[in-house]
Amino acid sequence: MNKPLVSVIIPTFNRPDILQKTISNVLNQTWENLQVLVIDDGNSKKNKEAIQSIVDDRLIYKKTNIRLGCAKARIEGIKYSKGEYITFIDDDDNWNNNFITHQYQVFQEKPS
């Protein structure tokens, strides 16, 4: 079975050390068909440097031109997402390693 693409949107604001841990957590999910969109809503070059230190084709970095705030940064991420499913994680959160797999299974079990 081909697993559908899941877009994971991570809005961030000037927290590169925390952000790296969250990105690694998402990239290490048991669900591998991912697009990880980091929406940088801050003004620090360190966010971009932290993201560039992670080599993974599934990771996409987008910098906002003006400060949007967390909610609008999420909306910005939706604009770039290509996944059949979209989920959000804050830059200081971590998931259980099968979080996305579990969420997908719940979607499949619930009637439309």
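As the structure is a prediction and not an experimental result, all values here were calculated from the model. FYI, the numbering just counts along the sequence from 1.
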I need the minimum non-hydrogen distance between [X] and [Y], along with the two atoms involved.
X	Y	answer
Asn47	Leu19	OD1-CD2, 4.2 Å
Gln29	Leu34	CB-CD1, 4.4 Å
Asp41	Leu68	OD1-N, 2.8 Å
Lys48	Asp40	N-OD2, 4.3 Å
Pro4	Asn33	C-ND2, 3.4 Å
Ile78	Phe88	CD1-CZ, 3.8 Å

Membership question, hydrophobic clusters at under 4.5 Å side-chain separation (ILVMFWY): are [Y] and [X] in the same one?
X	Y	value
Leu37	Phe13	no
Tyr104	Ile86	no
Ile60	Val6	no
Leu27	Leu5	no

Can you measure from [atom1] ([X]) to [atom2] ([Y]) and round to the nearest 0.5 angstrom?
X	Y	atom1	atom2	value
Cys70	Asp91	SG	CG	8.0 Å
His102	Asn97	NE2	CG	13.0 Å
Ile10	Ile39	CD1	CD1	9.5 Å
Thr12	Tyr61	OG1	OH	9.0 Å
Asn14	Ile18	CG	CD1	11.0 Å
Tyr85	Trp31	OH	CH2	7.5 Å

pair [X]-[Y]: side-chain heavy atoms closer than 4.5 Å:
X	Y	result
Ile9	Tyr80	no
Ile23	Val38	yes
Lys3	Glu32	no
Thr87	Gln103	no
Arg15	Asp92	yes
Thr22	Ile89	yes

Where the side chain of [X] meets the backbone of [Y], is there a donor-acceptor pair that is under 3.5 Å apart?
X	Y	answer
Ser81	Gly83	no
Ser7	Gln35	no
Lys21	Asn94	no

Ion pair check, Arg74 and Asp90, cut-off under 4.0 Å: yes

Do the charged groups of Lys46 and Glu49 touch, with an N to O distance under 4.0 Å?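 Result for this pair is no, no salt bridge flagged.
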
Do Gln20 and Ser53 pair up side chain to side chain, a donor and an acceptor below 3.5 Å, judged on atom types alone? yes

